Amino acid sequence: MVALTDEDKAMRDGRDGDAVAAAMDLLIRYADALGAEEFCDTRNVAGTNTQPSPAKARLVREGGWARAFSVLSLDSDTTVDVPRMKVPTCQLQHGFGDDALGIMPYPEENIRLQADAESFYSAKGVNILATCTPYQAGNVPAYGEHIAWMESSAVVYANSVLGARTNCEGGASTGSASLTGRIPCWGNHHTENRYGTHHIEATVPIDSFHEWGMLGYFTGDAVQEARPVITGSLHPAGLADLKHFGAAAATSGGVEMYHIPGRTPDAPTLQAAFGTTPPPPPLRYGPEERRAVHEQLNSLGTSTDVDFVLLGCPHASLDQIGRIAHLLEDRTLSPHTELWIMTPLALRTVADRNGWTATIERAGGRLLTDSCPAMSRTAPAGTRVFATDSAKQAHYLPAILGIEAWYGTTEECVDAALTGRWTGHLTPPADTP
Ligand code: F3S
């Protein structure tokens, strides 16, 4: 049984109202099912309250957003009044918003439902960041901070790159954490569960966004839900590289935490990454493994006529948007190909001011916010073949929409958008540094 503080008991017993009592009751049941012995305090919750769905629409029709929150986030049959969130809470990615109107077969009723949800939840104190990368849009937890986040790519980034502590939470646990500031303390919250379990050694240079994505995809497949420690011929990785690596590892496997000795904050050295356990023999990622990953991610591509190019999964950073805009300067997309770049609204605002949005739009592309094709299950009408620089999107979108996929570099994808043809191929690995 999870240990309860006097404060936990008071919340459970209704001191702060029915919604908080239901939230605490849910968290106690959740903690007991997990075998957690205590709760952590948290002041940073990232969930998905506003994402439209048929179940949510039905519940809203029955009893408004209080009904939807009661059932889906508190597991309560009784509809309770929803108070203001107790601790800072943000909305992760959700469905497409107004910028989808007229450019994709996305239901208008979803857009209206989501706008309604945004009004309701923002009035309750939820920051509508609307991105899978809250750390790019103003929510950067401190090192060692206990947080309660959903979204696998955000969770692995928070644990590994920022050194914050979270498990991969769900809609109910984040909803309840928002109202109580408590989350079961287990798994990644405990230091002993954060040490490396597997050693992956790259023998080919990992020197670009594309290479980090392939290494991530290999790593997730190799270790599944374990904690890899990555060494070898690694060039310095930036935000976008680490974002792509983690998202890919959380896609082919269920990686929530990784270490790069000398780079990520819990691993100053290889030995530190493994705690007191000696590092195991490394699993090699060399030319053959690299080629196998590339072939796997391109296994569904047959036609080289590309209808649609998707960049920005996870949502693009400013650097990525600026680079894409530069590649599109004074160019025009193929009349048969759509280009979408996904980014948080906060970064889109900067891109607007920098002139990058105008450059992208002059070429015929679109800088979109809030969602992505995989999340909203939509692409430009008639898409049969798409290309992407994201291992995660290449993995999921063909299964979701029944379309062909090409995976390549950002430059190859932009070239496909300009020419309507896929000419990407795996170049030999550069010389090892
Ligand atoms: Fe984000 Fe969609 Fe990729 S939510 S991580 S852009 S699948």
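Source: prediction; values computed, not measured.
Between Val80 and Leu74 there is a side-chain heavy-atom pair separated by less than 4.5 Å. Put simply, the side chain of Arg384 does not reach to within 4.5 Å of the side chain of Ile403, judged on heavy atoms. Using a 4.5 Å heavy-atom threshold, the side chains of Ile28 and Asp8 count as separate. Within the 4.5 Å cutoff, the side chain of Cys413 has heavy atoms near those of the Leu311 side chain. His198 is not listed as a side-chain neighbour of Val229, based on a closest heavy-atom distance of 4.5 Å or more. The side-chain heavy atoms of Ile183 and Phe39, taken from C-beta on, include no pair separated by under 4.5 Å.
Between Thr166 atom OG1 and Met150 atom CE the span is 10.5 Å, to the nearest 0.5 Å. Between atom CZ of residue Arg323 and atom CG of residue Leu318 there is a gap of 14.0 Å, rounded to the nearest 0.5 Å. Between atom OG1 of residue Thr5 and atom CZ of residue Arg182 there is a gap of 4.5 Å, rounded to the nearest 0.5 Å. A distance of 9.5 Å separates OH in Tyr121 from CD1 in Ile128, rounded to the nearest 0.5 Å. Asp207 contributes atom CG, which lies 10.5 Å from atom CG of Leu234 (distance to the nearest 0.5 angstrom). In this structure, CH2 in Trp356 is found 11.5 Å from CD1 in Ile341, a value given to the nearest 0.5 Å.
Salt bridge present: Glu338 and Arg366 bring a charged side-chain N and a carboxylate O closer than 4.0 Å. Ionic pairing of Arg290 and Glu211 is present here: one or more N-O contacts between side-chain nitrogen and carboxylate oxygen are shorter than 4.0 angstrom. In this structure, Glu118 does not pair ionically with Arg112, as no charged nitrogen and carboxylate oxygen lie closer than 4.0 Å. Ion pairing between a basic and an acidic side chain is recognised when a charged N comes within 4.0 Å of a carboxylate O; Arg29 and Asp75 show such pairing.
With hydrogens and angles left out, the side-chain atoms of His146 and Thr42 include no donor and acceptor closer than 3.5 Å. Side chain to side chain, Ser371 and His94 fail the donor-acceptor criterion of an N or O pair below 3.5 Å. Residues Gln114 and Lys56 have side chains that never bring a donor and an acceptor to within less than 3.5 angstrom of each other. Neither side chain, Thr369 nor Arg348, offers a donor N or O lying under 3.5 Å from an acceptor on the other. Under the 3.5 Å distance criterion, with hydrogens and angles disregarded, no donor-acceptor pair is assigned to the side chains of Asn139 and Asn127. In the model, Thr409 has no side-chain atom that pairs as donor or acceptor with a side-chain atom of Asp389 under 3.5 Å. For the 3.5 Å distance criterion, the side chains of Ser376 and Thr378 fail to qualify, holding no donor opposite an acceptor. No donor-acceptor contact under 3.5 angstrom links the side chains of Thr383 and Asp307, judged on distance only. Between Glu169 and Ser173, the side chains place a donor N or O and an acceptor N or O closer than 3.5 Å (distance only, hydrogens not considered). Side-chain N/O atoms of Asn188 and Glu256 include a donor and acceptor closer than 3.5 Å. With 3.5 Å as the limit, one finds a donor-acceptor pair spanning the side chains of Arg194 and Asn159. Of the N and O atoms on the side chains of Trp149 and Asn44, at least one donor lies less than 3.5 Å from an acceptor on the other residue.
Counting non-hydrogen atoms of other residues, nucleotides and ligands closer than 6.0 Å to CD of Glu329 gives a total above 12. Shown here is Asp18, whose CG atom has no more than 12 heavy atoms of other residues, nucleotides or ligands within 6.0 Å. The local environment of CD in Gln271 is crowded, with over 12 non-hydrogen atoms from other residues, nucleotides or ligands closer than 6.0 Å. Within 6.0 Å of the NE2 atom in His190, the count of heavy atoms belonging to other residues, nucleotides or ligands exceeds 12. The 12-atom threshold is not exceeded at CG of Asp98, counting heavy atoms of other residues, nucleotides or ligands nearer than 6.0 Å.
For the pair Thr264 (side chain) and Asp266 (backbone), a donor-acceptor distance under 3.5 Å is absent. A donor-acceptor contact shorter than 3.5 Å links the side chain of Glu145 to the backbone of Ala142. The backbone N or O of Ser317 sits less than 3.5 Å from a side-chain atom of Gln320, completing a donor-acceptor pair. Side-chain atoms of Asn298 come within 3.5 Å of backbone atoms of His294 as a donor-acceptor pair (strictly under, hydrogens ignored). Although no hydrogens or angles enter the test, the distance criterion places a donor-acceptor pair under 3.5 Å between the side chain of Ser70 and the main chain of Ala66. Ser390 places a side-chain N or O within donor-acceptor distance of the main-chain N or O of Cys313, the cut-off being under 3.5 Å. Between the side chain of Thr337 and the backbone N or O of Phe308 there is no donor-acceptor pair closer than 3.5 Å. No donor-acceptor distance shorter than 3.5 angstrom exists from the side chain of Thr174 to the backbone of Gly47, with no hydrogens or angles considered. With Asn193 contributing its side chain and Gly187 its backbone, the two residues share a donor-acceptor pair below 3.5 Å. Panel note: side chain Ser252, backbone Ala248; a donor-acceptor pair is recorded below 3.5 Å.
Judged by the 6.0 Å distance and 45° axis criteria, Lys392 is not positioned over the aromatic ring of Tyr396.
Smallest separation of non-hydrogen atoms from Arg67 and Thr79: CD-OG1, 3.0 Å. Tyr143 and Pro265 get closest at one heavy-atom pair: CE1-CB, 3.7 Å. Ser73 approaches Leu26 most closely through the heavy-atom pair O-CD1, 3.9 Å. The minimum heavy-atom distance linking Leu333 with Gly365 is given by the pair CD1-N, 3.7 Å. Nearest heavy-atom pair, Ala381 versus Pro105, reported as atom, atom and distance to 0.1 Å: N-CD, 3.9 Å. Residues Ala325 and Thr359 share a closest heavy-atom pair of O-CG2, 3.4 Å.
Less than 6.0 angstrom separates the ring centroid of His395 from the ring centroid of Tyr217. Between Tyr407 and His210, the gap from one ring centroid to the other is short of 6.0 Å. Taking the six-membered ring where the residue is Trp, the centroids of Phe120 and Phe69 are separated by 6.0 Å or more. Residues Phe218 and Tyr285 bring their aromatic ring centres within 6.0 Å.
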**Request:** Take Glu7 and Lys86 through the test salt bridge (Lys or Arg N to Asp or Glu O under 4.0 Å) and record every step on the way to the result.
**Result:** CA-CA 14 Å; Glu7 179 69 12; Lys86 180 176 180 178; 3.8 Å; yes

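Applying the side chain to side chain donor-acceptor pair (under 3.5 Å) test to residues at least two apart or on different chains, none of the pairs has a partner in residues 31-40.
Considering Leu129, Asp370, Thr50 as possible partners of Gln91, the one that fulfils the side-chain contact (heavy atoms from CB on, under 4.5 Å) test is Thr50.
Ring pair Phe245/Tyr258 is perpendicular by interplanar angle, where above 60° counts as perpendicular and below 30° as parallel.
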